[in-house]
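All remarks here apply to the structure that follows.
Naming convention: chains lettered A, B, ... in sequence-line order (proteins, then strands); numbering from 1 in each chain.
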Number of protein chains: 2
Amino acid sequence: MTHSQAEENYLKAIFSISEKEGKAASTNAIAAMMQTTAASVTDMLRRLSEKNLIAYEKYRGVTLSESGHKVATALIRKHRLWEVFLVDKLGFTWDEVHEFAEQLEHVQGDALVNRLDQFLGNPKFDPHGDPIPDAQGRWTHRPQALLSTLQTGDRGVVTGVEDHTTAFLQYLDQQGLALGASLEVIERFPYDHSLRVRTHGDRELVLSEKVCQNLYVRTLNT
Amino acid sequence: MTHSQAEENYLKAIFSISEKEGKAASTNAIAAMMQTTAASVTDMLRRLSEKNLIAYEKYRGVTLSESGHKVATALIRKHRLWEVFLVDKLGFTWDEVHEFAEQLEHVQGDALVNRLDQFLGNPKFDPHGDPIPDAQGRWTHRPQALLSTLQTGDRGVVTGVEDHTTAFLQYLDQQGLALGASLEVIERFPYDHSLRVRTHGDRELVLSEKVCQNLYVRTLNT
DNA sequence: ATATTTTTTTTGACTTGTCTAAAAATAATA
DNA sequence: TATTATTTTTAGACAAGTCAAAAAAAATAT
């Protein structure tokens with residue numbers, strides 16, 4: 001069974017909302033994420049429900065069924081593998097690839113995504129540090145924490161971002177903070193929750209609360 | 001300006017019919033190629049005409065406008081570059097790639113196709129020997145003739161196929177007739193227009209009229 | 001030149017996905 | 001608990017793309 005691109009995008013949105021909020025996704029939350037109206041969402045929920053891709057009770061929000069969960073996972077797998085391709089093979093930067101991957105993720109055919117996976121060396125994480133589920137939908141978990149939770153003296157390695165906007169990614173590039181960059185917290189400023197950190201080459205940076213709340217690090221036990 | 005996938009597919013069909021027949025494409029010819037009805041085609045021709053992508057006169061067939069020609073050429077470029085990617089990089093065979101390329105050709109974004117072109121080494125021909133237009137829409141021409149036109153004693157190198165069906169491509173694989181294979185015509189059978197040819201390793205094959213009319217060769221002056 | 005066949009277009013209907021405006025249900029507050 | 005505010009659904013409409021059946025135009029044959 002194959003689904004329309006619109007249906008696939010709704011399933012992805014429901015997946016991401018349910019995961020982040022830890023509960024059923026509301027009509028309004030879905031409408032906000034899809035940049036559409038609540039009326040359109042209700043319509044689509046009815047259709048997805050008829051196809052048994054979601055569990056839907058009127059006024060009570062929606063969760064993915066097992067088959068809906070599989071479709072969403074496969075989409076995320078494709079999206080992230082194509083992002084690896086675009087960055088590793090075609091030389092795009094991590095802030096340029098989202099729109100292309102949004103289109104490429106809808107290309108149908110298991111053989112394609114699996115060959116792509118193999119060609120890329122079966123990567124476990126995409127260029128933003130997000131995990132790539134394998135062909136069976138299994139995720140690789142990795143301990144990481146927001147930089148904002150580290151204490152003075154703690155050290156860590158950048159593993160991912162919470163905010164995927166171009167503006168944030170380009171800011172990180174300017175600061176030399178790519179994935180894998182190592183950091184040590186030198187000083188915390190309680191006044192505005194900014195941090196001074198030392199990074200590669202003993203360079204020191206001051207990072208705002210907003211930045212620290214959108215940057216994941218794997219902490220190193222010193 | 002961006003066009004729907006349906007519109008793009010119609011433009012491609014009109015391009016290919018006009019080129020093969022050397023005249024305006026008829027409603028029925030388009031319907032046959034698109035596997036749809038004449039009524040649907042008439043409807044779409046009206047829309048494409050409103051967008052100035054085609055020159056359309058009722059009952060008189062249709063030709064591409066300059067902008068329609070550009071769109072069709074760009075699509076063919078994308079289709080064929082993705083086919084090169086699928087064969088050269090992902091290891092698919094030449095009979096497996098058409099359906100994937102039909103989807104991939106609709107992915108939007110000039111940067112993507114141009115980076116892909118570069119990554120593949122700016123190939124001039126796809127895995128079936130068909131020419132790939134460059135970013136400006138210029139085609140590489142190459143002298144080639146159908147094998148059926150060769151005379152006894154003529155030698156040539158396989159450069160392409162007229163028939164792109166899986167059945168034909170797999171038949172050629174079985175006979176060891178990949179692109180680049182060299183051939184010499186040993187004998188012609190006027191009765192059924194079949195040919196006996198010698199190929200690599202002094203192997204001899206008898207090829208039917210149908211095969212010879214679907215295989216292009218570059219003739220070698222002996 | 002007229003009749004017949006073929007091709008093309010028109011008509012009306014259906015599906016998917018979208019929207020605005022209004023109604024209904026739920027949640028929040030007094 | 002009654003009222004208000006928010007969320008969600010319904011109703012009706014529209015655009016894109018499709019189809020079958022009927023009508024019109026063009027091509028062909030007599």
Checklist entry - If you measure from OG1 on Thr37(A) to CG on Asn28(A), what distance do you get to the nearest 0.5 Å? => result 10.0 Å
Whole Å only: how far is the [atom1] atom of [X] from the [atom2] atom of [N]?
X	N	atom1	atom2	result
Glu7(A)	dT18(C)	CD	P	10 Å
Glu50(B)	dA16(D)	CD	P	9 Å
Arg47(A)	dC14(C)	CZ	P	17 Å
Gln35(B)	dG17(D)	CD	P	18 Å
Met44(A)	dG17(C)	CE	P	4 Å
Ile30(B)	dT18(D)	CD1	C1'	16 Å
Leu48(B)	dA15(D)	CG	P	18 Å
Arg46(A)	dT8(D)	CZ	C1'	14 Å

Next on the checklist: Which nucleotide wins on minimum distance to the side chain of Thr36(B), given the candidates dT18(D), dC19(C), dA20(D)?
Outcome noted: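 Within the option list, the nearest is dT18(D).
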Next on the checklist: Quick check: on DNA chain C, is the nucleotide nearest Thr42(B) upstream (toward 5') of the one nearest Tyr10(A), or the reverse? Name the residue that is more 5'.
Outcome noted: Thr42(B)
Just to confirm, is there a sub-4.0 Å distance from OP1 or OP2 of [N] to any side-chain nitrogen or oxygen of [X]?
X	N	answer
Thr27(B)	dT9(C)	yes
Ser40(A)	dC19(C)	yes
Asn28(A)	dT8(D)	yes
Thr37(B)	dC19(D)	yes
Ser26(B)	dT7(C)	no

Below 4.0 angstrom, N of the basic side chain to O of the carboxylate: do [X] and [Y] qualify?
X	Y	answer
Asp163(B)	Lys210(B)	no
Glu8(B)	Lys12(B)	no
Glu162(B)	Lys20(B)	no

Checklist entry - When all nucleic acid strands are considered with a 4.0 Å heavy-atom cut-off, which category describes Ala6(A): base, sugar-phosphate, or nothing? => result sugar-phosphate
Checklist entry - Side chains of Gln213(A) and His193(A): do they bring a donor and an acceptor to under 3.5 Å? => result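 No pair is found: no donor N or O on one side chain lies under 3.5 Å from an acceptor on the other.
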Item to check | Geometric cation-pi criterion, Lys89(A) with Phe119(A): 6.0 Å, 45° | outcome: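 So Lys89(A) does make the cation-pi contact.
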Next on the checklist: Within the structure provided, determine whether Glu7(A) and Val71(A) are in side-chain contact (heavy-atom separation under 4.5 Å).
Outcome noted: no
All N/O pairs under 3.5 Å across the protein-nucleotides 24-28 of chain D interface:
from    : atom 1 : to       : atom 2 : distance (Å)
dA25(D) : O4'    : Tyr59(B) : OH     : 3.4

